[in-house]
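Notes follow once the structure below has been shown.
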Amino acid sequence: MTGEAIVSQVDIHAPWGGVVPKLAQQAHADAMDSAVHTALSSASITPHDLSAIAVTIGPGLSLCLHVGVAKAHALCRAHALPLVPIHHMEAHALVARAFDPTIRFPFVCLLVSGGHNLLLLVHGVGQYTQLGTTLDDALGEAYDKVARLLGLPLAPSGGAALEQAALQGDAHRFALPLPLKRRVDCNFSYAGLKTAVRLLVEEQLGVGGGGGGGDGDAATKQDEDDQARRQTVADIAASFQHVAVQHLAQRTARGVQWAKEQAPSVDTLVVAGGVAANATVREQLQSVADASGVRLVCPPAKYCTDNGVMVAWAGVERYACIDY
Ligand code: KG4
Ligand code: ZN
């Protein structure tokens, strides 16, 4: 990798409690030219030095995707370059190979992001067998929703804030239901767990959730209430994370087993997507990998959450195997 640039718009959306499509489109348009310029100049190259341009075509917010695709088209036209269209999830799945060239096909890939929970057997570029997917919410989405219920900051992400809060919490204080206990497959479900957390938050913290303090009269009473409330928030965060990751680990263990039945040479489990930045997720999946006789590979945390390098790398992989 010779150069990169990343622009975040979390601060623009944070006051709204979620992504506002029109603001997102405008932020993309405002940042596009300078991000491309920074990436090229940090690599000390110009578009003349390129052999192709890779760009995400989906899935995602089409208003925003369009901004990137239009820029890529314009550059390709101006410099007579081929355009390599990239599927966002394929970029997450392949980026580990940029950092560890010893990862060979076939491998198992668990993709855990804000919009997707996918367990794949990756046979090659563009060749995937889906072993499992989410029946409702993705894990990142569940992290974000629970973070909001608990009144945690949503920047840089609800998931990162919940992970931090859980560090101070007791994961066994509240017993939450393990999803899909009786279904012997590799699918995931987080909607029921999220509802259980919502009810718990209402019971423990009141309908307003984790934000705000208690309403004791004396200052010391107020401090004690605030402290107890913060501890309850941390305990709920830790209890949610404990069950959510247990579910993830169980399904992944079965997925590796299924993958080995189909492709006995599988020796690697790649975990990618924004949630793969989470240390508890990594630890639990390391145990799954050890018990299943495969090695675990996670891209560096910075390349687990959305970034341009993963799209460029997927472009390199596609460019190498397709005649442009
Ligand atoms: O892959 P990504 O950057 O964007 C999508 O394609 O969705 O993933 C974003 C998701 C968000 O739901 C965010 O809360 C979650 O990844 N996330 C985390 C952590 N960092 C980001 N979830 C748990 N722990 C983290 N440390
Ligand atoms: Zn993503």
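Note that ligands are numbered from 1 as they come in the structure, with each ligand's atoms numbered from 1 the same way.
Between the side chain of His88 and the main chain of Thr56, no donor-acceptor pair closer than 3.5 Å is present. Under the 3.5 Å distance criterion, the side-chain polar atoms of Asp100 are left unmatched by any main-chain donor or acceptor of Ala96.
Contact atoms of ligand 1 toward Gly115: 7 (O) (distance under 4.0 Å to a heavy atom of the residue). Short contacts between ligand 1 and Ser113, defined as distances under 4.0 Å to a heavy atom of the residue, involve ligand atoms 1 (O), 5 (C), 6 (O), 7 (O), 8 (O). Ligand-side atoms of ligand 1 in range of His92: 1 (O), 6 (O), range being under 4.0 angstrom from any heavy atom. If you number the atoms of ligand 1 from 1 as listed, the ones under 4.0 Å from a heavy atom of Ser157 come out as 13 (C), 14 (O), 17 (N), 20 (N), 21 (C). Close approach to Asp306 involves these atoms of ligand 1, each under 4.0 Å from a residue heavy atom: 1 (O), 2 (P), 3 (O), 4 (O), 5 (C), 6 (O).
If you check which protein heavy atom lies closest to atom 10 (C) of ligand 1, you get Gly114 N, 3.5 Å. For atom 22 (N) of ligand 1, the nearest non-hydrogen atom of the protein is Gly159 CA, 3.4 Å. Of the protein's non-hydrogen atoms, Gly274 CA, 3.4 Å is the one closest to atom 8 (O) of ligand 1. Of all protein heavy atoms, the one lying nearest to atom 11 (C) of ligand 1 is Asp144 OD2, 3.5 Å.
When every heavy atom of Arg282 is checked against every heavy atom of Leu296, the shortest pair comes out as O-CD2, 3.7 Å.
Counting backbone and side-chain atoms alike, His116 contributes no N/O/S atom closer than 2.8 Å to the Zn ion (ligand 2).
Side-chain contact between Ile236 and Leu205 is present, with at least one heavy-atom pair separated by less than 4.5 Å.
Residue Asp306 approaches the Zn ion (ligand 2) most closely through its N/O/S atom OD1.
In this structure, Phe174 has its ring center at least 6.0 angstrom away from the ring center of Phe240.
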